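Take a look at the structure set out below.
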Amino acid sequence: MSTASAPSTDAAKPLEFPIPANVYAEKVVSVKHYTDRLFAFRITRPQSLRFRSGEFVMIGLPNAEKPVFRAYSVASPAWDEELEFFSIKVPDGPLTQHLQKIQPGDTILMRQKSTGTLVLDALTPGKRLFMISTGTGIAPFASLLRDPDTYEKFEHVYLTHTCRDVAELSYGQELVTSLADDPLIGEFTNGRVTLYNSTTRETSDRMGRITALVGSGKFYTDLGIEPLNPETDRIMICGSMHMLKDVKEMAENLGFVEGSLSAPASFVVERAFVG
């Protein structure tokens, strides 16, 4: 069962260690725990921060002289007044063992540069955009799905989200459901976004890794769509390292070419991950 915390009105909490130079120090606005492995949180946004939807930043905690920083995709769109993140909880993770305990009012450190390959400018024009994700790899797509540019560049967006257990799919389900009521992009999303979930451990209505579902043809049958075609389709991939390798190989076997900001093409992969 998820629990949400309301925004804090408490005074700023004293810090044990000084804020490093050239690092933003932002406040936690809200925290929501989805499962014992996944949680989301929102922080204040530095006025000077500029980023492209789909990019990631390095975040940490002011709990040491030399804080640990890890890459986190920004789950909120570039226009949002706050920054949203979706994180795993690793019991002995250098950062996440502490990050999972944050409360509203706590301080989050963030380096000033954003970067990443999961941006629309790294893709050539197409008709259908396929966002392939596992676990917290859905975060950059949460940003892109709430960006008007996505709907200017593509006619239809298919978001796939594969997790071990059913409860871990909740973040993506909430995200897609909320799009229709979004004041900025709601009118653009009507009938143009499709969510395709599957689980790999807990029994659910649809089970299997996305590569197996695509390879067997079930993916196309379930959605009633034509097979992936590099002439008209574009693919973005984010998730576990194993999934990235398998989906990248599948895409290349289908004739897709990996792109970048300097050389846009038909698919992109994000290799940054947290621990």
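Worth saying up front: this structure is predicted, and the values here are computed from it rather than measured.
Annotation for D205: atom CG does not count as buried by contact number, only 12 or fewer foreign heavy atoms lying within 6.0 Å.
Side-chain N or O atoms of S266 include none that pairs as donor or acceptor with a backbone N or O of P230 at under 3.5 Å. Checked by atom type and distance alone, the side chain of Q97 pairs as donor or acceptor with a backbone atom of G93 at under 3.5 Å. Side-chain atoms of T177 never come within 3.5 Å of backbone atoms of E174 as a donor-acceptor pair (strictly under, hydrogens ignored). Remark: side-chain polar atoms of Y220 are paired, donor with acceptor, to backbone N or O of L228 under 3.5 angstrom. A side-chain donor-acceptor contact under 3.5 Å links S133 to the backbone of T160. Under a 3.5 Å cut-off, the side chain of T199 and the backbone N or O of V166 do not form any donor-acceptor pair.
Look at D80 and R42 and you find a salt bridge, because one of the NZ, NE, NH1 or NH2 atoms lies within 4.0 Å of a carboxylate O, short of that distance. Using a cutoff of 4.0 Å between basic side-chain nitrogens and carboxylate oxygens, R209 and D246 are not scored as salt-bridged. Ionic pairing of K127 and D233 is not present here: no N-O contact between side-chain nitrogen and carboxylate oxygen is shorter than 4.0 angstrom.
Here ring pair (Phe, Tyr, Trp, His ring centres under 6.0 Å) pairs that include residues 193-212, with residues two or more places apart or in two chains, are Y196-F219. For residues 149-158, the set of pairs meeting the salt bridge (Lys or Arg N to Asp or Glu O under 4.0 Å) definition, not counting sequence neighbours, comprises D121-K153.
In summary, the side chains of R234 and T124 do present a donor paired with an acceptor at a separation below 3.5 Å, with no hydrogens or angles considered. Of the N and O atoms on the side chains of S76 and E84, not one donor lies less than 3.5 Å from an acceptor on the other residue. Side-chain atoms of T35 and E168 include no donor-acceptor pair closer than 3.5 Å.
Ring pair F56/Y72: centre-to-centre distance not below 6.0 Å.
For Y158, the ring-ring contact (aromatic ring centres under 6.0 Å, His included) partners at least two apart in sequence or on another chain are F130, H156.
Ring geometry, Y34 versus F86: the interplanar angle exceeds 60°, so the pair is classed perpendicular (tilted spans 30 to 60°).
Following chains of ILVMFWY side-chain contacts shorter than 4.5 Å, one can reach V28 starting from F85, so the two form part of one hydrophobic cluster.
Summarising the geometry of K89 relative to D36, their closest heavy-atom pair is CD-O, 3.4 Å, with the distance given to 0.1 Å.
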